Amino acid sequence: GQNIDQPTEMTATEGAIVQINCTYQTSGFNGLFWYQQHAGEAPTFLSYNVLDGLEEKGRFSSFLSRSKGYSYLLLKELQMKDSASYLCAVSGTTDSWGKLQFGAGTQVVVTP
Amino acid sequence: EAGVTQFPSHSVIEKGQTVTLRCDPISGHDNLYWYRRVMGKEIKFLLHFVKESKQDESGMPNNRFLAERTGGTYSTLKVQPAELEDSGVYFCASSRGTVLPGGYTFGSGTRLTVV
C-alpha cells in the first residue's frame, strides 16, 4: 500500500532546533514536499526535494534519501510563529506532478 | 498577485441538501486541484483540471461529487446530496505548470459541516 508517516506532535523551545521525520512508501516518486499550515489557514510551501541530499532555505532545511524512503525537515532558531502543522507530501505519479499524497501532519508546539 | 480564493469559507448544511463550493485560482494558472481533509485524517487529492479539462479525477469519492471548470477559469465542486461523511475542509490549489509544485498555491479552504 501507499503510506506517508510522520510524528503527530513535537514540542520544542524557542531558539532551539527541531527535526521532523517523514517516511514514505509510494508506488512512484517524483519529489517530496514540505508545507506549513497554521490553524484555519492555507498550507504554504516550504521546500521540496527531488534528488538525494540537503536543501537549505534560510532557517528551514529539508533532506531526502530516496533509497530509504526518508526525509526530514529541520527548523532552526525556532520562533513562536513556527508553531504550526508541518505536512510531508509526495508526488508519485508520472503524469501529474501536482497530485500530492500527504502525511497526516506534525503539530509543532514552540514554547517560550 | 491575488491568491487562490475559495468561498464560502464555512458552510453548514443538512444531510440531503446540496452545496456548491467555488474556487478562483490565481490568474494565468492552468492547473487547478481540489483536495479534502476529513477531521483527523490527512489531506487527500480529489481531482486535477488542466484548463477546463479533467486531467485526473481518481480521488473523487463517488458520483455525489461533481466538479466543473467552465472556460478554464474558476471551478465549482458540487455535493449532491450531502452526507454526514462529506464534512471536512475542502482545499483548492492552483499552479502555472505541474513540474514545480513549489508554485502550487493553496486557498484557505471551505469548511463544510453536514448535520
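Hydrogens, waters and symmetry mates play no part in the numbers below; they use all other heavy atoms, side chains included. None of the values given here were measured: they were computed from a predicted structure. Just so we're on the same page: letters track the sequence lines, and every chain starts at 1.
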Neighbour count >12 (heavy atoms, 6.0 Å) for atom CD, A:E77
no
When you compare the side chain of B:F91 with that of A:P43, does any pair of heavy atoms fall below 4.5 Å?
yes
Under a 4.5 Å cutoff for heavy-atom pairs, which residue among B:R37, B:K41, B:K44 has the most contacts with chain A?
B:R37
Do any of residues 106-115 of chain B come closer than 4.5 Å to chain A, heavy atom to heavy atom, and if so which ones, in number order?
B:F106, B:G107, B:S108
Once salt bridge (Lys or Arg N to Asp or Glu O under 4.0 Å) is applied, what residue pairs with a partner in residues 67-78 of chain B remain, sequence neighbours excluded?
none
Residues which pass ring pair (Phe, Tyr, Trp, His ring centres under 6.0 Å) with A:Y72, listed by chain and number, not counting sequence neighbours:
A:F63
Which atom of A:T13 lies closest to which atom of A:P112, heavy atoms considered
CG2-O, 3.9 Å
Which heavy-atom pair separates A:L78 from A:R59 by the least distance, and what is that distance?
CA-NH1, 4.2 Å
Interchain contact, B:S9 with chain A, by part (heavy-atom threshold 4.5 Å):
neither
Would you mind checking which part of A:L87 comes under 4.5 Å of any heavy atom in chain B, side chain (CB onward), backbone (N, CA, C, O), both or neither?
side chain
Checking A:S62 now: which residues fulfil side chain to side chain donor-acceptor pair (under 3.5 Å) with it, not counting sequence neighbours?
A:S47, A:N49
